[in-house]
There are 2 protein chains.
Amino acid sequence: MVVMKDTKRDILDAAEQLFAVRGPHATSLRQIIGRAKVNLAAVHYHFGSKELLLRAVMARRLVPLNAERLALLEGEERKSARRVMPLRNVLAALVGPALRLSRNPKKGGAVFMQLLGRCFMEPDPKIQAMLDNQLQEVAGRFIPALQRALPKLPPEDLFWRIHFLVGAMAHTMADAERLRAFSGGRCNPDDTEVMIEQLVNFLTAGFKAKSR
Amino acid sequence: MVVMKDTKRDILDAAEQLFAVRGPHATSLRQIIGRAKVNLAAVHYHFGSKELLLRAVMARRLVPLNAERLALLEGEERKSARRVMPLRNVLAALVGPALRLSRNPKKGGAVFMQLLGRCFMEPDPKIQAMLDNQLQEVAGRFIPALQRALPKLPPEDLFWRIHFLVGAMAHTMADAERLRAFSGGRCNPDDTEVMIEQLVNFLTAGFKAKSR
DNA sequence: CATTCATTCAAACGTTCGTTTGAATCAGGC
DNA sequence: GCCTGATTCAAACGAACGTTTGAATGAATG
C-alpha cells in the first residue's frame, strides 16, 4: 500500500526504453514484460493493446513537452511585444525543449528523445497519425510565428524548410550517437547545449536563405 | 542465360516496392512473393535470406548512384581547376543524384529513393552497417570537398552540419509526399527540380552559417 | 469470517514469421 | 530418349508474435 501501481509505470518505462532503441515495430511485448518483470497479460489489462501502450508512452512525455514549447513561444512573443520576434528565438522554442529532454533523465531523458525521433520516421500510418494529432497544436502556433519572423519568404519555401527542419531534428534526436563515431570523436552528442546551438544556428541560416 | 531470369528481377522489383513503402522490417517475404507472383522458396534459392535480399535490392541501385555522385564531383573539381569549388556545387553533386532518382522510373525511380531514405532511419544495426559500408567511399570523397569549400569552418561544426544534411535529405527522400498535405497543397514533391533547388538552397545557407 | 473487486498469473489461442525440405518440372548435352 | 543440373513447387518446420482466458491471489469492506 505504501508503494502502489508499480506495474503500470514499470511497463511504461520498459516500453519507452525498448521502443526507443529498437523502434516500436521491432519491439515485442514479451521483451517489454521481460524488462519490466511483470506478467504478459498485464499489458493488455492496463493498456488494452500494443498500439494503445505506445500511445500512452508518447502522451506521458509529449503533453508536457508541447506545453513547454508553447509556453516558451508565448514568453518570447510577450518579450518582443510589437517588434518582430527574432527567427532564432522561434526556432529555439521549437527545437530546444525537445533536445533538452536528454538533460532531464527524471522526465524521460535521452531515451524519450530518441523514441520521438524514431516515431517521426516510422512508416506505419497509425503512428504517423498519432504524431500528427499530438503535434497539431504546436504546428498551428509555430507556423504563423515563423511566417511573422520571415515576412518576405513565400509560403512554399517556408513549408519546404519546415520539412527539412523536421528531418534534421528527428535524425538528431533519434541518432545523435551515430555522429560521435562518424565525426571521429570530434562531436560530443552528450553536450546538449552545443547540440541545440549547432542545430539552431544551422536552421536559422537555412531559413534565412534567399528565395530563388 | 542471355537475359536475367525473370524470377530474380521480379523478386527484386517487388521487394524494392514493398520495402520502400512499409519499411524493410515491416515487410514479409510472403507479401513480396505475392506481388512478384513467384514461389516462396524462390527467395532463399536466389538470395539466401531476407537480409541478403535487402542487400541485393540496395546494391543494384546504390552502386550506380554512388558512381554518379563521384563522377559529378570529379567533373566539378576539374571545372574549377585551382579555384575553390563553390559549396553549392558540392552539395548539388551529393544531393542531386539521389533526389533525381524519382525522375528516372527505369532506374528504380521514386520507389528506391524512398527506400534509401527509410534505410537511413532504420534502427536495425545490420541495415545501418550495410549503408555505412555502401557510403564509405562517397563520404571519404565529399567530406574533404566540403572542407575545402568551407576552409574557415571548424571540423566539429562541419560534422554537425553533415549530420543535419543527412537528416533533411533522408526525410525528404523517404517522406516527401507528407509535405503535400502538410503544406496544404502549396508544395509539390513531384517536381524534382524544385525539390533539389529548395534543399540545396537551404543546405548551402546552413553550411555557410557563421560558427559560434 | 465471508464477500468483493482489482490485479496477477500460467497457459493457451490462432496467426504469421523466416526458413527448410523433397519431390516435380524443365532445359540442354550426349 | 535419357541423363543432369538448374529451377519451381506445395507443404511443412519451429519459433515468435499479439491477444485471450479463467483461475489464483490479495487487500479492503461489511
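Each chain gets a letter, A, B and so on, in the order the sequences are listed, and its residues count up from 1.
The existence of a salt bridge linking B/Arg118 and B/Glu122 is excluded, since no basic side-chain nitrogen approaches an acidic carboxylate oxygen closer than 4.0 Å. Contact check on A/Glu68 versus A/Arg100 returns no salt bridge, with no Lys/Arg side-chain nitrogen under 4.0 Å from an Asp/Glu carboxylate oxygen. Ion pairing of A/Asp13 with A/Arg60 is present here, as a side-chain N (NZ or NE/NH1/NH2) and a carboxylate O approach within less than 4.0 Å.
In this structure, the side chain of B/Arg161 engages the main chain of B/Phe207 through a donor-acceptor pair within 3.5 Å. In terms of modelled atom types and a separation under 3.5 Å, the side chain of B/Ser183 and the main chain of B/Cys187 share a donor-acceptor contact. Of the possible donor and acceptor atoms, none in the side chain of B/Arg35 sits under 3.5 Å from a partner among the backbone N and O of B/Ile32. The backbone N or O of A/Pro155 sits nowhere less than 3.5 Å from a side-chain atom of A/Gln147 that would complete a donor-acceptor pair.
A/Asp10 places its CG atom 14 Å from the P atom of C/dT7, with the value rounded to the nearest Å. Nucleotide C/dT7 holds its P atom 12 Å from the CZ atom of A/Phe47, rounded to whole Å. Taking atom OH on A/Tyr45 and atom C1' on C/dT8, their separation rounds to 9 Å, with Å as the unit. Remark: P of D/dC17 and CG of A/Leu53 are 15 Å apart, rounded to the nearest angstrom. For the pair A/Lys8 NZ and C/dT8 P, the computed distance is 11 Å after rounding to whole Å.
Contacts between residues 27-44 of chain B and DNA chain C, defined by a heavy-atom separation under 4.0 Å, are made by B/Thr27, B/Ser28, B/Leu29, B/Arg30, B/Leu40, B/Ala41, B/His44.
The aromatic rings of B/His163 and A/His171 lie parallel to each other, with less than 30° between the two planes, well short of the 60° mark.
Recorded end-axis angle for the helix from C/dC1-D/dG30 to C/dC30-D/dG1 stands at 20°, based on five pairs per end and rounded to 10 degrees.
Between B/Thr7 and the phosphate of D/dT8, there is a side-chain N or O to OP1/OP2 separation shorter than 4.0 Å. Within the 4.0 Å cut-off from OP1 or OP2 of D/dT8, at least one side-chain nitrogen or oxygen of B/His46 is found.
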